Amino acid sequence: MEESAFNALAEDELARIENALEACGADIDIEPKPGGILEIEFDNGSKMIINRHSAAREIWVAARSGGFHFRHEQGRWANTRGGDELWAMLAALVSDQAGEAVSLVRPD
C-alpha cells in the first residue's frame, strides 16, 4: 500500500476511534496531536497513545498493559501478533485502564 493511501486510511480510522472514545461514557480526556496521534488520559492519571506508523503501515497502541501493532488486512485492522481485531482490543484495553466496562462502537 502506498504511504499516502495508508495515511488516509489510518487518519479515517483514528477519527472514528476518537469519536467512539468521546461517546463511550468513560471519564477520559482525548487530545489529538499532530502527525496522527491520539493521547488518551484516564481519570487515574494513566495514559494511552494511539498513533499511525507510516513506515510500518500500522496503527500502534501503547497502553498500560503493553504495546500493540495493527495492520490493515482484508478490510480490518488486525493485531500483528494473534490477529485480534483493533476495536475489540481497544474496548478491552480502555476498559482495563479506565477501571470500568467500556463499549466502543465503530461508526461506518
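No experiment lies behind these values; they were computed from the predicted model shown. Only this structure's heavy atoms are used, side chains among them; waters, hydrogens and symmetry mates stay out.
- A pairwise comparison of heavy atoms in G36 and E11 identifies CA-OE2, 3.2 Å as the closest pair.
- Counting heavy atoms of neighbouring residues, nucleotides and ligands inside a 6.0 Å radius, atom CD of E2 does not exceed 12 of them.
- The two atoms that bring L93 and S65 nearest to each other are CD2-OG, 3.2 Å, heavy atoms only.
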Under the side chain to side chain contact (heavy atoms under 4.5 Å, CB included) rule, what do R76 and W87 come out as? Steps first, then yes or no, please. CA-CA 10 Å; R76 69 185 194 105; W87 283 79; over 6 Å; no
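- Residues M1 and L9 form a side-chain contact, since some pair of their non-hydrogen atoms from C-beta on lies under 4.5 Å apart.
- In terms of heavy-atom proximity, V105 sits nearest to A20 at O-CB, 3.6 Å.
- Side-chain atoms of D96 do not come within 3.5 Å of backbone N or O of A92 as any donor-acceptor pair.
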Given R52 and F6, is the side chain to side chain contact (heavy atoms under 4.5 Å, CB included) satisfied, shown in steps? CA-CA 9 Å; R52 71 169 195 250; F6 166 77; 4.2 Å; yes
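- The minimum heavy-atom distance between M48 and F42, with the atom names listed, is CB-CE1, 3.9 Å.
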If you apply the rule side chain to side chain contact (heavy atoms under 4.5 Å, CB included), what do you find for L86 with I17, and how did you get there? CA-CA 10 Å; L86 170 65; I17 291 168; 3.9 Å; yes
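- At least one side-chain heavy atom of R64 sits less than 4.5 Å from a side-chain heavy atom of N44.
- A distance of 12.0 Å separates CD1 in I59 from CG in N79, rounded to the nearest 0.5 Å.
- In this structure, I50 and L90 have side chains that are in contact, with non-hydrogen atoms separated by less than 4.5 Å.
- Listed here is the closest heavy atom pair of F68 and G66: CE1-O, 3.4 Å.
- In this structure, H69 and W60 have parallel ring planes: the angle between them is below the 30° cut-off, well short of the 60° mark.
- Between the side chain of R16 and the backbone N or O of P107 there is at least one donor-acceptor pair closer than 3.5 Å.
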Would you check, one step at a time, whether the test side chain to side chain contact (heavy atoms under 4.5 Å, CB included) holds for E41 with E31? CA-CA 8 Å; E41 186 168 352; E31 188 172 342; over 6 Å; no
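- Shortest non-hydrogen contact noted between E18 and P32 is OE2-CG, 3.3 Å.
- Distance check: I49 CD1 to I40 CD1 gives 7.0 Å after rounding to the nearest 0.5 Å.
- H72 NE2 to W77 CH2: the interatomic distance, rounded to the nearest 0.5 Å, is 6.0 Å.
- At least one donor-acceptor pair under 3.5 Å links the side chain of Q97 to the backbone N or O of K47.
- Side-chain contact between M89 and V61 is absent, with no heavy atoms from C-beta onward closer than 4.5 Å.
- Here the straight-line distance linking atom CD1 of I37 with atom CG of L14 works out to 9.5 Å at 0.5 Å rounding.
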